[in-house]
Amino acid sequence: MPQEEKTVVIRDERYDAQRIETKWFERWQQDESLYAAEPDSTKPKYYVLEMLPYPSGALHMGHVRNYSIGDALARYMWMNGYNVLHPMGWDSFGLPAENAAIANNTPPREWTLRNIANMKAQMKRLGFGYDWSREVTTCLPEYYRWNQWFFLKLFEKGLAYRKKSKVNWCPKCCTVLANEQVVAGNCWRHEDTPVEQRELEQWFLRITQYAEELLRDLDRLKGWPDKVATMQRNWIGRSEGALVDFDLGGTVGPAGSTISVFTTRVDTIYGATSVQLAPEHPLVADMTAKDPELRAKVDQLIAEQRKAKEIGDIGAIEKHGVNTGRFARNPFTEQPVPVWVANYILMDYGTGAIMSVPAHDERDYEFAKKYNLEIRLVIVPRPDDPDETVVEPALPFTTLNGSLVNSGPFSGLDCEEAIQKMSEHAEKKGFGKATVTFRLKDWGISRQRYWGTPIPMLYCEKDGIVPVAEKDLPVILPEQVDITLTGGSPLGRVPEFVNATCPKCGGPARRETDTMDTFVDSSWYFYRYTDAHNDRVPFDSKTAGYWFPIDQYIGGVEHAILHLIYSRFWTKFMRDMGLVKNDEPAERLFTQGMIIKDGAKMSKSLGNVVTPDEMVARYGADSARMYTLFATSPDSELDWQDSGIEGIQRFLARVYRFVARHAPNSSAQARRAASSSDGPLLPEARQIQRKLHKTIKRVSDDFRGRWHFNTCVAAIMELVNELYAAEDAIAKGAIPVSLLAETQRDLALLLAPFAPYLAHELWEMLGEPESLLRAPWPKYDPALAKEEEIEIPVQVNGKLRSRITVPADLGGDEVKGRALADEKVKAAIAGKQVVNVIIVPGKLVNIVVR
RNA sequence: GCGAAAGUGGCGGAAUUGGCAGACGCACCAGACUUAGGAUCUGGCGGGGAAACCCAUGGGGGUUCGAGUCCCCCCUUUCGCACCA
C-alpha cells in the first residue's frame, strides 16, 4: 500500500448547536416580519397565545416550557397554511419593580425596561417565532392610557364605584389585595404573610353584575380544562336560597329593626331555634353600644375569627358564641328566638346572619349541643308508603330528600316543594323572598403603590368625584417619585401630580393617588395585539373581530381564577359596550404542568434551579426546547433531569450526522435525476417509506388532538433509528435516492415545530431553496403507511402462546385457520376442546378451550 | 372533611377505542471502532427459572374470551375547595 495515500476516514461532521443556532439567529434578526401575521389574508386565521410574562429579569424554565408548546403549535399551523397570529408582550406593572427599585436604587421604569430587553433577547435566542411588531408593554402610556379609558367607560356605566369597606391588606406589599389574591388567608405573593383587614375607601369593579353569565358560560367553554371550569364555578359560588326577615321588636340602633338572614333551606325554618349574627354585623355594633361587657365578648369572637382567617383555617375554628339576650321573631312561627353572635358566621357571605336550625344543619347542631339550645325536628325521611310509621332520623338530618313535619300549614310537603312555597309565602307577606347569593365579590382594584396605572379620577371640593376628561388621557405616571415603604400611596407625595383642575368647575381638584391592580392590564391585552399601535381607540373592533376569539390560549393553571376570570369579565363588558362580538376571550385553554427538580419546585432557596441561559449555552435552544416537550406530556408535571436533555442533544446530533452524510446525494438535483429510474421498492425501502408515513400520521394527529408531544418526539426518534438501521441497505443502493431525499426532507419538516434551528439547517443542507417556515407540512398517505404483512399474537384462553405472520388483508377465517395450524398453538390446545375463537381483525386471535 | 387527578422497570415515561405491558429516552452491562474515549456504532436490559414456562401495572375483590384500561372497596400522593348558611 503506497505510504503517501492516506486512508480516507469518513469523519462525520459534528453537530455544533452553537454554530447552527448563531447562524440562523443572525439571519432571523435581519427580518422583523418573519413571523408577522398577514393583513387581508385569504387563509383561515389562527390565534395562538401564550400568557405574557412578568418581566422579572430573566426567563425561567417554566416560561421555556410554556412558550415551546405555543411555538410548536404556531409553527405547525403556519406549515398547514393558516394565517397565524402569535404575539408576545410584557405584563410590566407591579410590585417587584418597586421593591427592586428600593433595593438597587434603580427607577422602576428603568429596571423594568432593562428586564424586558434581556428577556426579549432570551426569547429570540430560544427561537420563538413572535410577531414583535405587535409587542405590548403594559407599563407604557401607549398601553395604560387605555386602561384609564376603560375605567372611564366602566365608571360611566356604573360598573366602577368607590366604597369604604374592609379590605385585604398585605403588610409586605403595603397595599390592598383583591379577594382573588388571598390564598388561604395569606398573600398570593407572600405565602407566609397573613392578610390583614383594613377599612379603606377603594375603587371596585362590578364583576358581580356578570356573575350569572360568567357561571353559565363556563358550560360553553368546551375547550377549557374541566379543572379550571370547576375552580371558577367554586369561586363564583352561586347559591339559591331565600332571605327572611326576623323582627327584633323595635329599632335596635341605626342598623335597623330586623335581621335579614340568608338560607338555602327555608323549608327548615320551623326548626329555627336561634338567630346567629356575624361578630362584625352592624346590628351587633348597635347592640353592644351600651353594653361594654357584651362588647368585650364580641371582640373576643372577632379576634378568634381573624386569627383563624389569618392562619387560613377558618374551617377548623372552635365554635364559640355569645347570647345577646335579645330575641327576634320567626315570621313563620311568630315565636321569638334568641339572638346570638357566633364566631363561625362570616360577615362577607350572604347577609352575615343565619337562622340556626340545629336539627338539620351540622354546624348548627354542633353549636346547639355546646350551648344547650333547643333542637326541633321538622324534616323526616319521606315515607314511600303513606301508612308507614315515621322514623326518627339520626341528627343532624340534613338531607333535602325528606318531608316536613311540625311546620304548620307546610307540614307534609316535600323539602324542595316547601322551599318554593315558603319563599313565595314570605314574599307575599313581605318578610322575605327567594334570592341568589354569590361568593364572588366585586373586584377591588385600588392599589396604594406607585408602579401601576393611575386611576383617572379627581376629587373636587365642589363637584365631588369627577372623572378625568377623555381628551386629557393618559394621566401620566410621573417619574422620579420617592417610593419608600412608609405606607400611603407614593403618588400622594408628588404635588405636581396631586394638584389638578376640576374639569367641571375649573376649580382646584385633587387627583386620585392609588393605581390599578395589574390584573386590569392583563384583562384585555390580547385584544391590543390585534391592533397594537392604534392611538384613537384601544383597538379596532373589526380587526379584533377577525382574530377573536383566541383559538388557543396556553398558560399556567395558577391563573385559573385570577387572570382568567377577570379577562372573561372584561370581554363581556367590552361586548356590552359594542367593542367586540365574542362572549368569551378564548375558545380553547391549555394549562401546562409545573417543572420540578429533585422532587421540588425549582427555587433559589433549594438550589435546584436550572436556567434557560445555562441550558442554551450548554446544549443549545433546540435541545432545551425539545427536552421540555419530550420529558412528559405538556399537561403533566415535568421532572427535570439533566441527563434527559443530554439524550435529546444526542438525538439531534444523530439526526444532523445522518443528514450531513446523505444530503449531498439527496439534493434536489440528484433527486430529479434519480426518480425517473426508480422501479418498485425493495422491502428495505418500503420499510423506510412505511415508517415515514406512520410518523407523519402520529405527529399530525397529536397536533390536532391530545398534544402529547413527548410521543411525537419519540415517534421521530423511531424514524431516525430506522434510518440508521438502514445504513447497509443505503450503502448497497437498495434505497432509491428519491426516497432517501424525501425522507430527510420530511424529517426536517417534522422537526421544525420542536427544533426549528436544526430543522432550518437540515433544510438548507438538503438544498431546498424556499424557506422552511411556511413550507407545507408533510402529507400522510395511508396507502404508503400500510403494512403488507402483520404479526398477530395468538392467545389460548387469554394467554399469549404464539405469533403468526400473515398478509395484512387476510380474511378472518384464514387467520383462524393459520392460528390453529401453528405448532405452538397446537401444543397448547392439545387434548382440549375449542369452544370459541375470537378474532380481532389485524390485532389478535384468542382461542378459548375447555 | 368534600371534590378532582394520579399511582406502570433502577429513573423520566409509552400503551389514543378493553386486545402482544414497558414504545422512546436516561442509567447500567457487553461488544465493535480506537493511542485514548466521558465520542460514535451494534446488541442486551421488569422479576423468577437451565428451559418449558410462571409471576408482574399501589392492595383486595368483580365483570369479560381477554383488564394498566371498566365496576366496587381500601391505601398512598398531588392539586383544588373547605364552617359559603
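Within every chain, numbering begins at 1; the chains are lettered A, B, ... in the order of the sequence lines, protein sequences first and strands thereafter. Side-chain atoms are counted along with the backbone in the values below, which use heavy atoms only and exclude waters and symmetry mates.
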| query | Does B:G58 adopt a syn or an anti glycosidic conformation, taking syn as a chi angle within 90° of 0? | reply |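 Nucleotide B:G58 adopts anti.
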
So, is [X] near the phosphate of [N], with a side-chain N or O under 4.0 Å from OP1 or OP2?
{"X": "A:Asn710", "N": "B:A23", "result": "no"}
{"X": "A:Ser643", "N": "B:C11", "result": "no"}
{"X": "A:Lys799", "N": "B:C55", "result": "yes"}
{"X": "A:Arg657", "N": "B:A39", "result": "no"}

Separation of atom [atom1] in [X] from atom [atom2] in [N], rounded to whole Å:
{"X": "A:Ile790", "N": "B:C20", "atom1": "CD1", "atom2": "P", "result": "13 Å"}
{"X": "A:Arg654", "N": "B:U40", "atom1": "CZ", "atom2": "C1'", "result": "10 Å"}
{"X": "A:Tyr627", "N": "B:C24", "atom1": "OH", "atom2": "P", "result": "18 Å"}
{"X": "A:His708", "N": "B:G13", "atom1": "NE2", "atom2": "P", "result": "12 Å"}
{"X": "A:Glu180", "N": "B:C81", "atom1": "CD", "atom2": "P", "result": "12 Å"}

Base-pairing mate for [N] - Watson-Crick or G-U, with both contacts under 3.5 Å:
{"N": "B:U64", "value": "none"}
{"N": "B:A39", "value": "none"}
{"N": "B:A51", "value": "none"}
{"N": "B:U34", "value": "none"}
{"N": "B:U78", "value": "B:A4"}
{"N": "B:G18", "value": "none"}
{"N": "B:A27", "value": "none"}
{"N": "B:A56", "value": "none"}

If you check the [X] side chain, which of [options] turns out closest?
{"X": "A:Leu346", "options": "B:C26, B:A85, B:C20", "value": "B:A85"}
{"X": "A:Thr632", "options": "B:A85, B:C65, B:G13", "value": "B:G13"}
{"X": "A:Arg650", "options": "B:C65, B:A27, B:A15", "value": "B:A27"}
{"X": "A:Tyr724", "options": "B:A85, B:C41, B:C65", "value": "B:C41"}
{"X": "A:Glu791", "options": "B:G19, B:C20, B:A14", "value": "B:C20"}

| field | Test applied, side chain to side chain donor-acceptor pair (under 3.5 Å); reference residue, A:Asn343; option that passes from A:Lys319, A:Gln276, A:Glu304, A:Gln305 | value | A:Glu304

Taking the [atom1] atom of each, how far is [N] from [M], in whole Å?
{"N": "B:C20", "M": "B:C65", "atom1": "C1'", "result": "16 Å"}
{"N": "B:A50", "M": "B:A36", "atom1": "C1'", "result": "40 Å"}
{"N": "B:C45", "M": "B:A30", "atom1": "C1'", "result": "11 Å"}
{"N": "B:C75", "M": "B:A39", "atom1": "P", "result": "48 Å"}
{"N": "B:C55", "M": "B:U16", "atom1": "P", "result": "24 Å"}
{"N": "B:G49", "M": "B:C53", "atom1": "C1'", "result": "8 Å"}

| request: Please examine the side chains of A:Pro793 and A:Val845, heavy atoms only from C-beta on, and report whether any two atoms are closer than 4.5 Å. | output: no

| message | Are the side chains of A:Leu747 and A:Leu723 in contact, using a 4.5 Å heavy-atom criterion? | response | yes

Check every strand shown and say whether [X] touches a base, only sugar-phosphate, or nothing at a heavy-atom separation below 4.0 Å.
{"X": "A:Phe630", "answer": "base"}
{"X": "A:Asn721", "answer": "sugar-phosphate"}
{"X": "A:Ile345", "answer": "base"}
{"X": "A:Gly237", "answer": "nothing"}
{"X": "A:Glu366", "answer": "nothing"}

| remark: Walking RNA chain B from its 5' end, the first of A:Arg439 and A:Arg801 to be reached, judged by nearest nucleotide, is A:Arg801

| query | A:Ala631 or A:Met355: which one's nearest nucleotide on RNA chain B is closer to the 5' end? | reply | A:Ala631

| request: Spell out, as yes or no, whether a donor-acceptor pair under 3.5 Å connects the side chain of A:Asp245 to the backbone of A:Gly432. | output: no

| query | Does a distance-only test, which skips hydrogens and angles, find a donor-acceptor pair under 3.5 Å between the side chain of A:Asn846 and the base of B:C65? | reply |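 Yes, the side chain and the base share a sub-3.5 Å donor-acceptor pair.
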
| task | Step through the shown structure and confirm whether more than 12 heavy atoms of other residues, nucleotides or ligands are within 6.0 Å of CG on A:Asp219. | result |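 Enclosed.
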
| message | Distance to the ring centre below 6.0 angstrom and angle to the axis at most 45 degrees; does that hold for A:Arg588 and A:Trp224? | response |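 That pair does not qualify as a cation-pi contact.
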
| Is it true that the NZ or CZ of A:Arg625 lies under 6.0 Å from the centre of A:Phe754's six-membered ring and within 45 degrees of the ring axis? |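 Here A:Arg625 fails the 6.0 Å and 45° test against A:Phe754.
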
| query | Which heavy-atom pair separates A:Ser633 from A:Asn710 by the least distance, and what is that distance? | reply |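 Nearest pair, atom of A:Ser633 first, then A:Asn710: N-ND2, 3.4 Å.
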
